[in-house]
Amino acid sequence: MASCAAAAAAAAADGGGGGSVVWFRRDLRVEDNPALSAGVRSGEVFAVFVWAPEEEGHYYPGRVSRWWLSQSLRHLDSSLRSLGTSLITKRSLDTASTLLHVLRSTGASNLFFNHLYDPLSLVRDHRLKELLTAQGINVRSFNADLLYEPWEVNDENGSPFATFAPFWNKCLNMPYDPASPLLPPKRIISGDASRCPSETLVFEDDSEKGSNALLARAWSPGWRNADKALSAFISGPLLEYSVNRKKADGATTSLLSPHLHFGEVSVRKVFHLVRIKQLVWANEGNKAGEESVNLFLKSIGLREYSRYLSFNHPCSHERPLLAHLRFFPWIIDETYFKAWRQGRTGYPLVDAGMRELWATGWLHDRIRVVVSSFFVKVLQLPWRWGMKYFWDTLLDADLESDALGWQYITGTLPDGRDFDRIDNPQLEGYKFDPYGEYVRRWLPELARLPTEWIHHPWEAPETVLQAAGIELGSNYPLPIVEISAAKARLQEALAEMWHLDAASRAAMENGTEEGLGDSSEEPLINFPQDIQMEVDREPVRINNTPSADRRLEDQMVPSMTASLVRVEQTVVSADTRNNAEDSRGEVPTTVDFSPHQQGDQGGTQAGRNNVLRQNAGDSTAESSSSWTERDGGVVPVWSPSVSSGRAEQFVADETGIGSGGYLQRHPQSHQLMNWRQLSPTVTRSWEVENAVQPNAIG
DNA sequence: GACACTTTTAT
DNA sequence: TAAAAGTGT
């Protein structure tokens, strides 16, 4: 592949070669966009966006997410026009062939794009790269989404970290800084796209227009707006970020997450600007400001970590990373699920959160934790359903971040939360919303209830309820499950889980389950069909008129079809055996590489100089994976399994980790999934390193 | 500075 | 819950 890199460098240098297609995805900005810069450097540019949502399978973007995307694309197009070109949009069922078509019809010979790390993109991009390279196209890809590429951050043995804290610590102490942000191009030489006309993309149907119109009042997509939001945050709420972190409303946060998801703002720019501010505050002896920056950067770090996790464990959006959880007896209850979605659980903080989510597509991080923890531990619904609902409703829906969040809540990360501790929404209510303002804003039916009872109306005296106009069970529900009952039920469920886990283990040792066969796999509980949104007849209105709650109740509450709840052990798309049309690859295997110290040679990309080699000879490989050196960076390329089934893919490594808490009682079960997929070298060093988990679940 | 005590926070 | 970080003696 070295010759390829050399060719690319040559093309970049002589500025010719028939022009470049710059393929935009979730990097909808002209500033600090390495793929765009590469295109500009090499000559004529064709900027392209391909809309192929069917390729996303279950993860077809939700309504609000599509709305954001449409706005952001419009914004990008206008920026590109002011620079001398425009955005070519294409509707497609198959991105690779559409891109090939674009390349052919424009006569371009280069394809440049920026990396994505979700499991679908990893596989698709790899295939695409192979396909187009075979067609003689010069394909190059770049890091535009992360401070450091996942494969750059390793422990002293060269193995990936399995917990967040040391990962982030390493990121903050890397021997080289994240690349400095690139300036936007001054001008773009547009290629002649007359033979490659844009197609009109439709992102919303008529029924969605009303609700979407309302979103525009609260949000301004687009990279310039993202930039403004960043400046506003840094000069405003950032200073008090640490102090305000307990507040449930959004005014104190950065509100950057949807901008970041669509790549409207570069994390590297965020990082650099925030660090500069931190230095200023540090010089002034402003401890609070310094602390706030650390805390804010940590949330940036979690975003980085979500990509890291997805890269190292590409199943993390659908499978628990710790093996034992596959035996948890989830409660398959559509009524619970619906009550949660509608914000009618009887716990005001949870309900307020769910109504805010539905009405606005956004939730404070704290409240996300509250509602998802309630979902998993009190209702004991399968976490993937909750994650899917978030996917459908969040403006900043992000597969990697959401998978990290839900796995953390579910306790299936080595450093996740204890599964056996239930958070009490009443106590959390008084913690995050001490005066009940948040609850009153989103639950108008409770607006007149005094603060003393606002987070536990079921205990309020009848006279108080009457005075507040509340009739429990009628205009506001009684608790759907009592916390004490939930605790008892959770204990039972966990006992059952450990029992099944132990049984499976014993069976395996006896060789009963030959070759770690199918029965060792977690039964994947499928989504209750894809959650169907009922048609919104009217825009959401949140106000304090008496009819407001009623409207909330019948509008747009997503519903699901009962008959489609499936509990059988259907293999979803993780199965790559014979599922050609939906073959999301799951497994990077045999990643074998020897990263050299990245000397910064004045270039903007880290990752120059890496020496890579392909490890082709590993017989345990289920899918081919190789590392390709390309100009300006290292690109991991994966392809899905062709040969064996997926049984092996999910076998936990024999290495137990963790200590403390319930895991100490079941130490043998606490194993990380997926390590098998790493190269023998990596796995071996992992085994050596495994004992040290200072912050294990306790 | 050493200690007991309380408060905070957890990816 | 339990470890860390504050607070007061």
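The structure displayed is predicted, hence computed values, not measured ones. In what follows, chains are A, B, ... by sequence order, proteins preceding strands, each numbered from 1.
- Nucleotide dT9(B) holds its P atom 16 Å from the CZ atom of Phe164(A), rounded to whole Å.
- Separating the NZ atom of Lys377(A) from the P atom of dT1(C) is a distance of 13 Å, rounded to the nearest angstrom.
- Defined by atom type and a distance below 3.5 Å, a donor-acceptor pair is missing between the side-chain atoms of Asn244(A) and Thr252(A).
- In summary, the side chains of Arg384(A) and Thr410(A) do not present any donor paired with an acceptor at a separation below 3.5 Å, with no hydrogens or angles considered.
- Residue pairs meeting the salt bridge (charged side-chain N to carboxylate O under 4.0 Å, His left out) criterion with at least one partner in residues 281-309 of chain A, sequence neighbours excluded, are Asp145(A)-Arg303(A), Asp145(A)-Arg307(A), Arg307(A)-Asp398(A), Arg307(A)-Glu400(A).
- A donor-acceptor contact under 3.5 angstrom links the side chains of Glu264(A) and Trp68(A), judged on distance only.
- Judged by the 6.0 Å and 45° rule, Arg245(A) forms no cation-pi pair with Tyr241(A).
- One interatomic measurement links the two molecules: OH of Tyr430(A) to P of dT7(B), which rounds to 20 Å at whole-angstrom precision.
- The side chain of Arg421(A) places no N or O atom within less than 4.0 Å of a non-bridging phosphate oxygen (OP1 or OP2) of dT9(B).
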Detail all sub-3.5 Å separations between protein N/O atoms and N/O atoms belonging to nucleotides 5-7 of chain C.
none

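- Here dT9(B) is the nucleotide among dT1(C), dT9(B), dT11(B) with the atom lying nearest to any side-chain atom of Lys246(A).
- Taking atom NZ of Lys431(A) as the reference point, atom P of dA10(B) lies 10 Å away to the nearest angstrom.
- Residue Arg245(A) places at least one side-chain N or O under 4.0 Å from the OP1 or OP2 atom of dT9(B).
- If you measure from atom CG of Asp423(A) to atom C1' of dT11(B), you get 14 Å, rounded to the nearest angstrom.
- Of the candidates dT11(B), dT1(C), dT9(B), the closest approach to any side-chain atom of Lys298(A) belongs to dT11(B).
- Put simply, NZ on Lys487(A) is 12 Å from C1' on dT1(C), counting in whole angstrom units.
- Atom P of nucleotide dT11(B) and atom CG of Asp415(A) are separated by 7 Å, given to the nearest angstrom.
- Ion pairing between a basic and an acidic side chain is recognised when a charged N comes within 4.0 Å of a carboxylate O; Lys170(A) and Glu152(A) show no such pairing.
- The aromatic ring of Tyr408(A) sits over the base of dT11(B), with ring centres less than 5.5 Å apart and planes inclined by under 30°.
- When heavy atoms are screened at a 4.0 angstrom cut-off, Arg366(A) is found touching the sugar-phosphate backbone but no base atom.
- Comparing the C1' positions of dG6(C) and dT11(B) gives a spacing of 23 Å, expressed to the nearest Å.
- Donor-acceptor pairing under 3.5 Å is lacking for the side chains of Asp333(A) and Gln380(A).
- Note: CD (Gln407(A)) to P (dA10(B)) measures 20 Å, nearest angstrom.
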